[in-house]
Amino acid sequence: MKHRAVDEWLTLLAPAFQQPLRQVEELLNADPELQQWLQEAAFQAAMEASWQSDPYALSAAYQRLQDELETRFGSLAEAVARLTQGCGRLRLNWQPDAPHYSRVEIDFGRDYTVDLFITLTDPLPQTLHRALERLRALIPLDDPYPRRPHQATAQLFYRGKAPALRLLDHLTPTGRRQTALLFLPDRKPSSEMPPETALQVLHAYLSGTSESDRS
């Protein structure tokens with residue numbers, strides 16, 4: 001079975017990064033070589049772990065699988081690192097109770113879910129507004145439940161800085177209303193604010209023009 005080189009992975013995955021990350025993950029999980037390895041290795045590891053009484057057997061088996069993923073598919077790991085500016089890495093989502101549901105994901109090492117990755121060409125307001133519109137396109141058209149807003153989060157990157165922007169879509173007595181949250185590295189998540197205010201904070205943070213601790 002053909003083993004893809006880094007450049008081949010880059011050619012395949014780069015256009016997909018214009019879409020939500022779940023589509024990127026679907027594309028890489030559809031690779032025949034990765035698919036075959038995942039099906040066989042996930043099942044074999046689950047079988048071996050089930051035979052052991054060691055309470056750490058599952059975690060040890062998972063680490064072996066993760067190490068093998070990164071070694072066997074080093075070209076894919078390198079491509080993902082390049083396409084995410086070093087922010088993302090391959091992570092195995094192993095399901096030992098149902099190995100056939102195991103899959104490979106792109107992990108950003110954050111304590112929040114990333115739905116979209118965007119490399120910014122500059123921190124200008126119009127560029128940030130385009131990023132917001134891409135994020136807004138991920139919000140479902142149907143109304144959210146009361147007190148359970150729809151949300152989508154974009155991991156941004158510009159010149160070594162990697163903040164994240166979350167858009168929340170609320171259902172209120174007067175209709176739907178959107179707010180935003182910011183996740184700036186080494187800081188607590190911001191309080192909710194109007195999306196346009198969030199873009200102003202992002203502009204200040206990315207351009208280094210002023211402190212952005214307005215949260």
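Keep in mind that this is a model prediction, so the values were computed, not measured. Residue numbers start at 1 and run along the sequence shown.
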Taking [X] for the side chain and [Y] for the main chain, is one N or O donor matched with an acceptor at less than 3.5 Å?
X    : Y    : result
S207 : P123 : no
Y205 : Q200 : no
E25  : I106 : yes
S75  : V6   : no
T197 : M193 : no
D169 : P149 : no
Q66  : L90  : yes

Would you compute the distance between atom [atom1] of [X] and atom [atom2] of [Y] and round it to the nearest 0.5 angstrom?
X    : Y    : atom1 : atom2 : result
S102 : F43  : OG    : CZ    : 11.5 Å
L92  : R64  : CG    : CZ    : 12.5 Å
R166 : L135 : CZ    : CG    : 10.0 Å
E8   : L13  : CD    : CG    : 11.5 Å
L199 : L206 : CG    : CG    : 10.5 Å
T172 : R147 : OG1   : CZ    : 12.5 Å

(request) Say whether L181 and L171 are linked into one hydrophobic cluster, either directly or through other cluster members, by side-chain heavy-atom distances under 4.5 angstrom. (result)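 In one cluster: no.
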Grab the two heavy atoms, one from [X] and one from [Y], that are nearest each other, plus how far apart they are.
X    : Y    : value
Y158 : T121 : CE1-O, 3.7 Å
A154 : I118 : CB-CD1, 4.3 Å
W94  : A61  : CH2-CB, 3.7 Å
T153 : T113 : CB-O, 3.4 Å

Pair [X]-[Y], side-chain donor/acceptor within less than 3.5 Å:
X    : Y    : result
Y112 : Q155 : yes
Q44  : E48  : yes
Q95  : R103 : no
E192 : H170 : yes
H3   : E33  : yes
W9   : E78  : no
Q35  : D31  : no

(request) Dump the intermediate steps for side chain to side chain contact (heavy atoms under 4.5 Å, CB included) on Q85 and T119, then the final yes or no. (result) CA-CA 8 Å; Q85 307 295 332; T119 299; 3.7 Å; yes
Sub-4.5 Å side-chain heavy-atom contact between [X] and [Y]:
X    : Y    : answer
P20  : D115 : no
E68  : W37  : yes
L182 : P163 : no
F73  : V104 : no
H203 : L128 : yes
L167 : Q151 : no
N29  : L27  : no
L76  : R4   : no

(request) Please lay out, stage by stage, how T84 and F157 fare under the test side chain to side chain contact (heavy atoms under 4.5 Å, CB included). (result) CA-CA 8 Å; T84 61; F157 183 87; over 6 Å; no
(message) So if I apply the side-chain contact (heavy atoms from CB on, under 4.5 Å) rule between H150 and each of D143, D142, L168, L138, which one comes out positive?
(response)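 Exactly one candidate clears the test, D142.
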(request) Mark yes when over 12 heavy atoms from residues, nucleotides or ligands other than R22 sit less than 6.0 Å from its CZ; otherwise mark no. (result)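 Atom CZ in R22 is not packed in, count stays at 12 or less.
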(message) With a 6.0 Å cut-off (strictly less than), is the heavy-atom count around CZ of R110, excluding the residue itself, greater than 12?
(response)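 More than 12 within 6.0 Å, yes.
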(request) Carefully, step by step, assess R130 and E133 under the rule salt bridge (Lys or Arg N to Asp or Glu O under 4.0 Å). (result) CA-CA 5 Å; R130 285 195 295 270; E133 289 305 309; over 6 Å; no
(request) For side chain to side chain contact (heavy atoms under 4.5 Å, CB included), just list the numbers for I139 and R176, CA-CA rounded to whole Å, side-chain angles, deciding distance to a tenth of an Å, and then say yes or no. (result) CA-CA 12 Å; I139 297 295; R176 294 171 70 166; 4.0 Å; yes
(message) So, using salt bridge (Lys or Arg N to Asp or Glu O under 4.0 Å) as the criterion, who are the partners of R89 when residues are at least two apart?
(response)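 Scan of R89 (salt bridge (Lys or Arg N to Asp or Glu O under 4.0 Å), adjacent residues dropped) gives E70.
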(message) Checking L28 against L12 for the side chain to side chain contact (heavy atoms under 4.5 Å, CB included) test, could you report, in this order, the C-alpha distance in whole Å, the side-chain angles of both residues, the deciding distance, and whether it holds?
(response) CA-CA 9 Å; L28 64 88; L12 177 68; over 6 Å; no
(message) Is the ring pair F117/F108 parallel, tilted or perpendicular, if the boundaries are 30 and 60 degrees?
(response)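 Plane angle under 30°, so parallel.
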